[in-house]
Trainee: 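Please read through the structure below; I'll follow up with questions.
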Amino acid sequence: SDSAHGAIFESPDHTISQQVYMIGFVDDTTGQHNRFNCDEQPYLEELVEGMRHDAQLWHDLLWSSGGALELPKCFYQILYWEFSKGKPFSTCTADTHLEVETTKGDSTYP
């Protein structure tokens, strides 16, 4: 897709890869976002912005077809790893508020 970022999952030797944008069934969907294919690890803020972009795109697509996000059911999870001497540790130190702008111009927080 030229619009959505999505996520790429690939084998350690890079011989098998799969691009995923959205997994859904009827009105339950799950979006994915990562930057595993970058040579340098992106900053957490860049990943959050990619998630925000994809959530905004999904909101806009739903709205254009007469639907809407069910905000009480919307949430996100972040797994962010940093490395020290080759050992990973989980961290999440950035402001991770994710805003989606409604058609009325209001900002909402899933």
Side-chain angles (χ1 to χ4, degrees):
S1 169
D2 292 334
S3 297
H5 296 291
I8 296 175
F9 298 96
E10 58 186 13
S11 62
D13 64 0
H14 306 289
T15 59
I16 302 170
S17 69
Q18 178 66 47
Q19 179 83 36
V20 178
Y21 297 100
M22 183 75 61
I23 298 171
F25 179 73
V26 188
D27 66 346
D28 290 322
T29 61
T30 301
Q32 324 283 317
H33 183 75
N34 69 30
R35 301 271 302 273
F36 291 160
N37 58 346
C38 291
D39 289 332
E40 294 197 21
Q41 181 169 328
Y43 292 107
L44 181 57
E45 293 84 358
E46 293 176 67
L47 296 172
V48 171
E49 174 54 28
M51 289 189 309
R52 187 212 58 78
H53 172 85
D54 288 358
Q56 184 68 57
L57 179 62
W58 185 240
H59 167 274
D60 296 349
L61 288 169
L62 284 174
W63 181 84
S64 69
S65 65
L69 288 176
E70 182 74 32
L71 289 174
K73 292 173 64 177
C74 294
F75 66 94
Y76 60 96
Q77 298 171 322
I78 296 175
L79 295 175
Y80 187 75
W81 301 91
E82 292 186 8
F83 296 85
S84 177
K85 298 180 182 176
K87 296 190 181 218
F89 61 95
S90 178
T91 182
C92 188
T93 58
D95 176 15
T96 59
H97 291 125
L98 194 148
E99 294 182 36
V100 175
E101 189 172 308
T102 68
T103 56
K104 298 176 187 174
D106 302 329
S107 291
T108 60
Y109 300 92

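Not measured: the values here are computed from a predicted model.
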Trainee: Measuring from Asp60:CG to Glu101:CD, what's the distance to the nearest 0.5 Å?
Mentor: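 Rounded to the nearest 0.5 Å, the CG-CD separation comes out at 8.5 Å.
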Trainee: Compare every heavy atom of Ile8 with every heavy atom of Ser17, then report the nearest pair and how far apart it is.
Mentor: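 That would be CB-CG2, 4.4 Å.
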Trainee: Would you name the heavy atoms of Leu47 and Pro42 that are closest together and state the gap between them?
Mentor: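 In terms of heavy atoms, the two residues are closest at CD2-CG, 3.8 Å.
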Trainee: Restricting to side chain to side chain contact (heavy atoms under 4.5 Å, CB included), what partner residues turn up for Ile78, sequence neighbours left out?
Mentor: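 Partners of Ile78 under the side chain to side chain contact (heavy atoms under 4.5 Å, CB included) test: Leu44, Val48, Met51, Tyr76, Tyr80, Cys92, Thr96.
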Trainee: Kindly write out the residues that satisfy side chain to side chain contact (heavy atoms under 4.5 Å, CB included) with Thr15, not counting sequence neighbours, or none if the list is empty.
Mentor: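 Per chain and number, Thr15 pairs via side chain to side chain contact (heavy atoms under 4.5 Å, CB included) with Ser11, Asp13.
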Trainee: Does Glu10 use its side chain to pair, donor to acceptor, with the backbone of Phe36 at less than 3.5 Å?
Mentor: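 No; zero donor-acceptor contacts below 3.5 Å.
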Trainee: Residues in ring-ring contact (aromatic ring centres under 6.0 Å, His included) with His5, at least two apart?
Mentor: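 Result, ring-ring contact (aromatic ring centres under 6.0 Å, His included) vs His5: His33, His53.
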Trainee: Would you check if the side chain of Asp54 reaches a backbone N or O of Gly6 as a donor-acceptor pair within less than 3.5 Å?
Mentor: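 A pair under 3.5 Å: yes.
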Trainee: If I compare all heavy atoms of Pro88 with all of Trp81, which pair ends up nearest, and what's the gap?
Mentor: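 That would be CB-CE3, 4.0 Å.
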Trainee: Among residues at least two apart in sequence or on other chains, which ones pass side chain to side chain contact (heavy atoms under 4.5 Å, CB included) with Leu62?
Mentor: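 For Leu62 the side chain to side chain contact (heavy atoms under 4.5 Å, CB included) partners, ignoring immediate neighbours, are Trp58, Leu69.
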Trainee: Glu49: which residues meet the salt bridge (charged side-chain N to carboxylate O under 4.0 Å, His left out) condition with it, sequence neighbours left out?
Mentor: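 Per chain and number, Glu49 pairs via salt bridge (charged side-chain N to carboxylate O under 4.0 Å, His left out) with Arg52.
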Trainee: Taking side chain to side chain contact (heavy atoms under 4.5 Å, CB included) as the definition, give me every residue that meets it alongside Tyr43, ordered by chain and number, with sequence neighbours left out.
Mentor: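 Only Glu45, Glu46 meet the side chain to side chain contact (heavy atoms under 4.5 Å, CB included) criterion with Tyr43.
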